[in-house]
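Read the structure below first, then the notes.
We number each residue from 1, following the sequence as shown. Values reported hereafter were calculated over all heavy atoms of this structure, with side chains retained and with hydrogens, waters and symmetry mates removed.
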Amino acid sequence: MAAVAAEVSHLQECGCKGIRTCLICERRLQRDPPWQISLQKKCCFLYCPDTGWAMGAEGSDFEGWAFPFPGVTLTQDFVTPEEEAEMVRLMDCDPWKPSQSGRRKQDYGPKVNFRKQKLKMAGFQGLPGFSQKVVQRMGLYPGLEDFQPVEQCNLDYSPERGSAIDPHLDDSWLWGERLVSLNLLSATVVSMSREAPGSLLLCPVPSVGPDAFEGNSVAPSRSVPCQEVEVAISVPRRSLLVLTGAARHQWTHAIHRRHIKARRVCATFRELASEFLPGGKQQELGQELLRTALSFQGRPV
């Protein structure tokens, strides 16, 4: 009976399906994770928020070389330590559901079948009340003045569970241009990659802003295959990360297991795509979703 109870406990803690694994199911099945990425196959670049460029990692073959990496905005200290502690305390008052790759989750949004492009409002009562002040604060920042989130997804990462998230692009049928994530409890690294054919053109590292080489007649003298590049975005604790444009639609984002050093909670906010905005063919549904979301009366669905 004890063995059966332990097995049930493992199943409750682990939400992995298919090829996804975490430390819990790997230990139970005594196997290695099938998706581990070989660092030797990647050309590592580091995102520089001061210039908006991806810089070749120090000591690598690409040290001193860089390429523009638009669509990333990083705001440090977006919430105070006291606000962070209170948000996580309130999150922990509600149950966390096991999710894939060692994550736990709380969803505040409609139930969506992205493959069939259908959604249901059942159970969706809005974003949580403790996010109202955070959302209002977002509107004070350039590029987020008109941001109206219709969904919030909280993810809980733990090194004890081997938490990670595979490279992916967020849906663009329902979710709009900006992906906004608030990083809580510990710093991490968001890893960006691209499976497109072709090469990226490299320039010497710019000394000033992202337009340092605008108008320069000297052609870039190096290139690197897109599929071999990974750009690491260092995301400090209590910071807000916004992905738009190419960073949202062309580069996948991931969190590798090795970058989860302590408990990390991420609250990601998503807005509606144009189909659900005024003038879109589902604008009425979009208005209903927004009215519900911005009532801030929600519980996890």
From [atom1] ([X]) to [atom2] ([Y]), nearest 0.5 Å:
X	Y	atom1	atom2	answer
C93	R299	SG	CZ	9.0 Å
T75	L144	OG1	CG	7.5 Å
E230	S191	CD	OG	4.0 Å
S60	W65	OG	CH2	12.5 Å
T188	I233	OG1	CD1	11.0 Å
E63	C44	CD	SG	13.0 Å

Between [X] and [Y], is there shared hydrophobic-cluster membership here, with clusters defined by ILVMFWY side-chain heavy atoms closer than 4.5 Å?
X	Y	result
F114	L289	yes
L155	L184	no
L285	V112	yes
L29	L23	no
V190	L46	no

Quick one: are [X] and [Y] in side-chain contact, heavy atoms under 4.5 Å?
X	Y	result
C16	C25	yes
L294	Q148	yes
V235	V189	no
M192	V72	no
C153	Y108	no
M138	V242	no

Check: Are Y141 and F78 an aromatic pair by the rule of ring centers under 6.0 Å?
Finding: yes
Heavy-atom pair of closest approach, residues [X] and [Y]:
X	Y	result
R248	S172	NH2-CA, 3.8 Å
P149	A293	O-CB, 3.7 Å
G71	A247	O-CB, 3.6 Å
S234	L74	O-CD2, 3.4 Å
L201	F67	O-CB, 3.5 Å
C226	A196	CB-O, 3.3 Å

Margin query: Let's go through V150 and L174 carefully: what are the C-alpha distance in whole Å and the side-chain angles of both, what is the deciding distance for side chain to side chain contact (heavy atoms under 4.5 Å, CB included) to 0.1 Å, and is it a yes or a no?
Written below: CA-CA 10 Å; V150 72; L174 179 59; 5.8 Å; no
Report, one line per pair, each donor and acceptor closer than 3.5 Å where one atom sits in a side chain of residues 117-134; sequence neighbours left out.
residue, atom, partner, partner atom, Å
S131, OG, Q152, OE1, 2.7
S131, OG, Q152, NE2, 3.3

Could you tell me whether a side-chain N or O of [X] sits under 3.5 Å from a main-chain N or O of [Y], the two making a donor and an acceptor?
X	Y	value
S101	I165	no
H168	H253	yes
D107	G109	no
K261	A187	no
R103	Q100	yes

Next item on the list: State, without any angle test, whether S193 and T252 hold a side-chain donor-acceptor pair at a distance under 3.5 Å.
Entry: yes
Next item on the list: Classify the angle between the aromatic ring planes of F45 and F62 as parallel (below 30°), tilted (30 to 60°) or perpendicular (above 60°).
Entry: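 Taking F62 first and then F45, their aromatic rings sit tilted (interplane angle of 30° to 60°).
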Margin query: Run the side chain to side chain donor-acceptor pair (under 3.5 Å) test against Q76 and tell me which residues pass, sequence neighbours left out.
Written below: none
Note to self: R291: which residues meet the side chain to side chain donor-acceptor pair (under 3.5 Å) condition with it, sequence neighbours left out?
What the structure shows: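 Partners of R291 under the side chain to side chain donor-acceptor pair (under 3.5 Å) test: none.
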Review item, side-chain donor-acceptor pairs of residues 262-283, under 3.5 Å, at least two apart:
residue, atom, partner, partner atom, Å
R263, NE, D156, OD2, 2.5
R263, NH1, D92, OD2, 3.1
R263, NH2, D92, OD1, 2.9
R263, NH2, D156, OD2, 2.6
R264, NE, N183, OD1, 2.4
R264, NH2, N183, OD1, 3.1
T268, OG1, S181, OG, 2.9
R270, NE, D170, OD2, 2.8
R270, NH1, E151, OE1, 2.8
R270, NH2, D170, OD2, 2.9
E271, OE1, R178, NE, 3.3
E271, OE1, R178, NH2, 2.7
E271, OE2, E177, N, 3.3
E271, OE2, R178, N, 2.8
E271, OE2, R178, NE, 3.0
E275, OE2, Q282, NE2, 2.6
Q283, OE1, G279, N, 2.9

Check: Within a reach of under 6.0 Å around CD of E58, are more than 12 heavy atoms found that belong to other residues, nucleotides or ligands?
Finding: no
Check: Sequence neighbours excluded, which residues qualify as side chain to side chain contact (heavy atoms under 4.5 Å, CB included) partners of S199?
Finding: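 Side chain to side chain contact (heavy atoms under 4.5 Å, CB included) list for S199, sorted by chain: S223.
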Tell me which donor-acceptor pairs under 3.5 Å the side chains of residues 84-91 have, and how far apart each pair is, sequence neighbours excluded?
residue, atom, partner, partner atom, Å
E84, OE1, R237, NE, 3.2
E84, OE1, R237, NH2, 3.1
E84, OE1, R238, NH1, 3.3
E84, OE2, L185, N, 2.6
E84, OE2, R237, NE, 2.9
E86, OE1, R89, NE, 3.0
E86, OE2, R89, NH2, 2.8

Next item on the list: For W251 and L243, run side chain to side chain contact (heavy atoms under 4.5 Å, CB included): C-alpha distance rounded to whole Å, both residues' side-chain angles, the deciding distance at 0.1 Å, then the answer.
Entry: CA-CA 10 Å; W251 290 79; L243 301 180; over 6 Å; no
